[in-house]
Amino acid sequence: MQKKTPDYDNVFKTMKMKHKRLFVSVINDVFGRNYPKDVKVEILPSEGYLTENETVDGSKEIEEQVSDFLIRIGSEIYLLECQSYDDGSMAIRIAEYAFIVARQFATWDIGHATIPMPRFSVIYVKRTDRTPKTTTITFTFPDGQTVDYQTDNVILEDFTKEKIVEKRLFPYIPFYIARYEKEIASEGDIEKVVEELTYFRDEMVSLHQAGELSDDELIDLKGFVNTIITHITNGNKNEERLVNIMGGTIIETESDKIKIRTIIEMGQEVGLDDSEILKKLQEKIIGLPLKRAQAYLEQYGKQLV
C-alpha cells in the first residue's frame, strides 16, 4: 500500500483557497476552455459525502469523503481531484461527488428532473504502472441503455517544465519534483532536481517582475514547493540545499512566529511529544523545513519550562 501524502493534499487545498485565480489556466488546459485570467472564479463548498469502505475484518464502515476542488466559472461547474497515486476507488468516489454536486443545480417539475453533471478530471501527481489515462463511470439502466461519463486524467509526469511555464500552469509547479522522489529521499544524485527547481524559480521571478504573478502568489508558490521538498526529504541531507533554491522558508513575519509559538505551546500543554509537535508545525506552516521547525521548538519550547 502506498503511503498517504497529506502534505500534497494540504498544498492543493491551501492553493485553491488562497490563489483560485491560478487555476483558470488549469481549467483552460484540461477542459479546452479559453477563459481570461481575470474571469470571475467561485470556489464552491466541498461538502462531505458518505461512502462505504471495507475494514480489515471484511466488514463495511461508512466514512466521510470530501472532494478536493469544486469551481464555478459562469454557468459551468468543474470538479478537480488531486491524487498522489492511482486509487481503485477513484471512479466511484467521483460518481458520488459529481451526483451530489449535480443535485444542487438540478431542475425539476412534475414527472421530470434534469440533473446537470459537472465536468471533472483527476490530477495524478505520480505515475505507476496502474495509473489510468482516463476515468470512466458507466451508468447502466434497466432498459439496457449505457452512458459513459468519461474524462482524460491529468498525469503530471507528462508535462515538461517548459510546458508548465508556457501554459502558466502554476498549480502544477509545487508537485513537479515528485517525479524525483526516489532520488531525493534516498540521498542520490539530485543535480537534475537542482536544475529543474532553479528553472522554476527564475521563471517565476521573471513572471512576477512582468506582473503575471503577485507578491503573495510568488511567495506562496515558493513555500508550496518547499513543503513538498520537506515532505520528501524528511530532514535528510538534501533538504537544506533544495529549500534554499526557492529562497529558503517564507516564515519571516511576526504573525507567523506567533502561530508557531501557539502550536508549540498547545502541543506541550496537551502532552504531545516533540515529534508530534514538529509534524503539526510542518502541516500548519507552509514551507517550513524540518530543521527550522526543530529550531523553533528548541527556542519556544525552552521558554515554557
Side-chain angles (χ1 to χ4, degrees), residues 8-49 51 64-84 86-87 89-107 113-126 131-139 147-159 163-164 166-176 212-213 217 220-221 224:
Y8 292 170
D9 294 337
N10 290 340
V11 165
F12 192 79
K13 290 173 183 177
T14 304
M15 201 175 348
K16 76 175 183 182
M17 297 309 299
K18 293 185 67 176
H19 303 298
K20 59 186 179 183
R21 181 186 78 88
L22 299 182
F23 283 89
V24 173
S25 58
V26 173
I27 296 294
N28 285 340
D29 188 59
V30 174
F31 299 103
R33 294 294 185 258
N34 192 31
Y35 295 119
K37 295 177 182 177
D38 59 352
V39 68
K40 181 180 178 181
V41 176
E42 181 181 1
I43 304 298
L44 302 179
S46 295
E47 298 178 357
Y49 310 126
T51 186
E64 185 180 48
Q65 295 286 347
V66 180
S67 63
D68 274 349
F69 193 10
L70 292 174
I71 183 172
R72 176 160 57 190
I73 301 179
S75 60
E76 294 283 355
I77 308 295
Y78 301 95
L79 167 60
L80 293 177
E81 284 291 315
C82 183
Q83 280 289 110
S84 300
D86 42 73
D87 182 341
S89 67
M90 178 51 64
I92 192 64
R93 285 162 51 196
I94 288 289
E96 292 174 334
Y97 303 155
F99 187 82
I100 300 299
V101 172
R103 173 64 179 81
Q104 299 177 37
F105 301 96
T107 57
T114 299
I115 304 175
M117 302 296 281
R119 301 178 187 276
F120 77 91
S121 187
V122 182
I123 300 172
Y124 284 99
V125 173
K126 306 174 188 179
T131 304
K133 293 182 179 180
T134 62
T135 296
T136 303
I137 302 161
T138 300
F139 295 98
V147 176
D148 284 343
Y149 182 34
Q150 184 179 61
T151 189
D152 291 334
N153 297 325
V154 175
I155 301 174
L156 291 191
E157 285 194 20
D158 291 339
F159 288 77
K163 184 177 180 180
I164 289 174
E166 177 189 348
K167 294 193 170 188
R168 306 300 192 257
L169 301 173
F170 298 116
Y172 294 168
I173 291 176
F175 307 105
Y176 183 88
E212 290 198 50
L213 284 173
E217 288 167 345
D220 283 350
L221 279 171
F224 295 146

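Partners of Tyr149 under the ring-ring contact (aromatic ring centres under 6.0 Å, His included) rule, at least two apart in sequence or in another chain, are Phe120.
Residues Phe170 and His19 fail the side-chain proximity criterion, which asks for heavy atoms closer than 4.5 Å. Side-chain contact between Pro174 and Met15 is present, with heavy atoms from C-beta onward closer than 4.5 Å. Counting only heavy atoms from C-beta outward, the side chains of Leu22 and Leu213 approach each other to under 4.5 Å. When side chains are defined from C-beta on, Ile27 counts as touching Leu80, because their heavy atoms get closer than 4.5 Å.
Taking every heavy atom of both residues into account, Ile115 and Arg103 meet most closely at CG2-N, 4.4 Å. Closest approach of Ile137 to Ala95, counting heavy atoms only: CD1-N, 3.6 Å. Shortest non-hydrogen contact noted between Pro36 and Val24 is O-CG1, 3.6 Å. The minimum heavy-atom distance between Thr151 and Ser121, with the atom names listed, is CG2-CA, 3.9 Å. The two residues Pro118 and Val101 have their closest heavy-atom pair at CG-CG1, 4.2 Å. When all heavy atoms of Pro116 and Ala106 are compared, the closest pair comes out as CD-CA, 3.8 Å.
Note that CD of Glu166 and NZ of Lys163 are 9.0 Å apart. Values are rounded to the nearest 0.5 Å. Note: Asp158 CG to Thr131 OG1 = 10.0 Å, rounded to the nearest 0.5 Å. Note that the CD1 atom of Ile94 and the OG1 atom of Thr136 stand 11.5 Å from one another [nearest 0.5 Å]. Of the inter-residue distances, the one linking Leu79 atom CG with Ile71 atom CD1 reads 11.5 Å to the nearest 0.5 angstrom. Note that the OH atom of Tyr97 and the CD1 atom of Ile92 stand 11.0 Å from one another [nearest 0.5 Å]. The line from CG of Leu44 to CD of Gln104 is 7.0 Å long, rounded to the nearest 0.5 Å.
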| task | Could you check Phe175 against Val11 for side-chain contact (heavy atoms from CB on, under 4.5 Å), going step by step and ending with a plain yes or no? | result | CA-CA 9 Å; Phe175 307 105; Val11 165; 3.7 Å; yes
| Could you walk me through whether Ile43 and Met17 pass the side-chain contact (heavy atoms from CB on, under 4.5 Å) check? | CA-CA 8 Å; Ile43 304 298; Met17 297 309 299; 4.2 Å; yes
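Ring orientation note: the planes of Tyr172 and Phe159 are nearly perpendicular, at an angle over 60° on the 30°/60° scale. Phe23 and Phe69 have perpendicular rings, their planes meeting at more than 60° on a 0 to 90° scale where under 30° would count as parallel.
Listed by first and then second residue, the side chain to side chain donor-acceptor pair (under 3.5 Å) pairs involving residues 21-31 are Arg21-Glu217, Asp29-Lys167 (not counting sequence neighbours).
Residue Phe99 places its CZ atom among 12 or fewer non-hydrogen atoms of other residues, nucleotides or ligands, all under 6.0 Å distant.
For the pairing with Thr134, the side chain to side chain contact (heavy atoms under 4.5 Å, CB included) check across Asp152, Asp148, Val122 returns one residue only, Asp152.
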